[in-house]
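Let me begin by presenting the structure, written as structure tokens, before commenting on it.
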Amino acid sequence: QVQLVESGGGLVQAGGSLRLSCAASGRTFSSYSMGWFRQAPGKEREFVAALSWSGGYTHYADSVKGRFSISRDNTKNTVYLRMNSLKPEDTAVYYCAADLFGRLGVSNKEYTYWGQGTQVTVSS
């Protein structure tokens, strides 16, 4: 069993930055690939970014490429999402997720464990 807890969300003006953190329990965190997803009101949950277990491979949604950066520290069992140049359309609840099979999936069906989410609101 893996438990994921996100933090770092909040209210920021357009153009600003935030760094989200996702702390994981479990001794095998370093063997999971990790992903970030987001869900805006009235919309489906969408893929944001994914990271391999080693941190050597990443994948981003086109909408965030060049602005967001995913990383991990396996010594701290934590994955991060650095978000720069934020836009109002980035407003959503952001979720981290763990994939036991090490894929860089873009579908939420490929992820086994999920956090509770953290709200990010970008004002114009």
Side-chain angles (χ1 to χ4, degrees):
Q1 189 75 10
V2 175
Q3 291 186 329
L4 304 173
V5 180
E6 301 97 334
S7 61
L11 174 64
V12 63
Q13 289 187 332
S17 298
L18 282 174
R19 189 181 77 160
L20 306 183
S21 299
C22 173
S25 64
R27 294 175 292 177
T28 56
F29 169 78
S30 60
S31 65
Y32 305 150
S33 58
M34 299 295 295
W36 284 96
F37 288 73
R38 65 187 182 187
Q39 188 167 17
K43 296 187 176 181
E44 293 186 353
R45 191 170 298 188
E46 66 174 5
F47 169 77
V48 175
L51 180 68
S52 63
W53 67 269
S54 67
Y57 297 94
T58 58
H59 181 54
Y60 296 93
D62 288 343
S63 59
V64 307
K65 200 171 294 183
R67 300 189 297 123
F68 289 14
S69 177
I70 187 172
S71 62
R72 69 192 295 163
D73 185 341
N74 287 340
T75 65
K76 297 181 179 179
N77 279 12
T78 302
V79 63
Y80 305 97
L81 184 68
R82 177 67 180 182
M83 306 184 295
N84 296 325
S85 302
L86 283 161
K87 305 175 181 179
E89 51 264 43
D90 294 318
T91 295
V93 177
Y94 283 70
Y95 300 89
C96 70
D99 176 10
L100 304 183
F101 299 100
R103 299 163 292 191
L104 295 180
V106 301
S107 169
N108 56 17
K109 296 179 181 179
E110 296 178 85
Y111 292 82
T112 307
Y113 298 107
W114 292 83
Q116 83 291 346
T118 185
Q119 176 71 47
V120 172
T121 304
V122 184
S123 63
S124 57

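Just so you know, these numbers come straight off a predicted model, no measurement behind them. Residue indices begin at 1 and follow the sequence shown.
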Output the distance between atom [atom1] ([X]) and atom [atom2] ([Y]), rounded to the nearest 0.5 Å.
| X | Y | atom1 | atom2 | answer |
| --- | --- | --- | --- | --- |
| F68 | L20 | CZ | CG | 8.0 Å |
| S30 | D73 | OG | CG | 11.0 Å |
| N77 | Q3 | CG | CD | 12.5 Å |
| W53 | S33 | CH2 | OG | 11.5 Å |
| M34 | N74 | CE | CG | 9.5 Å |

Qualifying residues under side chain to side chain contact (heavy atoms under 4.5 Å, CB included), relative to [X], sequence neighbours excluded:
| X | value |
| --- | --- |
| S123 | L11, Q13 |
| V93 | Y95, Q119 |
| S52 | S54, Y57, L104 |
| S69 | Y60, R82 |

Contacts of type side-chain hydrogen bond (donor to acceptor under 3.5 Å, both in side chains), residue S17, not counting sequence neighbours: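 Partners of S17 under the side-chain hydrogen bond (donor to acceptor under 3.5 Å, both in side chains) test: N84.
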Qualifying residues under side-chain hydrogen bond (donor to acceptor under 3.5 Å, both in side chains), relative to S124, sequence neighbours excluded: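 Expected list: none.
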Partners meeting ring-ring contact (aromatic ring centres under 6.0 Å, His included) with F47 (sequence neighbours left out):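 By the ring-ring contact (aromatic ring centres under 6.0 Å, His included) rule, F47 matches F37, H59.
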Full working for side-chain contact (heavy atoms from CB on, under 4.5 Å) between V2 and F29: CA-CA 8 Å; V2 175; F29 169 78; 5.8 Å; no
Greater than 12 external heavy atoms within 6.0 Å of W114's CH2: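 Yes.
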With a 4.5 Å cut-off on side-chain heavy-atom distances among I, L, V, M, F, W and Y, is there a chain of contacts connecting [X] to [Y]?
| X | Y | answer |
| --- | --- | --- |
| L100 | V79 | yes |
| W36 | Y113 | yes |
| Y94 | V64 | yes |

Strictly distance-based, threshold 3.5 Å: is any side-chain N or O of [X] a donor or acceptor partner for the main-chain N or O of [Y]?
| X | Y | answer |
| --- | --- | --- |
| T78 | A23 | no |
| Y111 | G105 | yes |
| E6 | Q116 | yes |
| R103 | E110 | yes |

For [X] versus [Y], what's the shortest heavy-atom pair and its separation?
| X | Y | answer |
| --- | --- | --- |
| M83 | L86 | CB-CD2, 3.8 Å |
| L81 | A49 | CD1-CB, 4.3 Å |
| A40 | A92 | N-CB, 3.8 Å |
| G9 | V120 | CA-CG2, 4.1 Å |

Of all pairs that satisfy disulfide (SG to SG under 2.5 Å), the ones with a partner from residues 28-91, not counting sequence neighbours: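 Applying disulfide (SG to SG under 2.5 Å) to every pair that reaches into residues 28-91, excluding sequence neighbours, yields nothing.
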Where at least one partner belongs to residues 32-105, residue pairs that pass disulfide (SG to SG under 2.5 Å), sequence neighbours excluded: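 Passing the test, one end in residues 32-105: C22-C96.
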For D90, all residues meeting salt bridge (Lys or Arg N to Asp or Glu O under 4.0 Å), sequence neighbours excluded: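 D90 satisfies salt bridge (Lys or Arg N to Asp or Glu O under 4.0 Å) with R38, R67 once adjacent residues are dropped.
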Residues that K65 engages under salt bridge (Lys or Arg N to Asp or Glu O under 4.0 Å), provided they are two or more places apart: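 Here the qualifying residues are D62.
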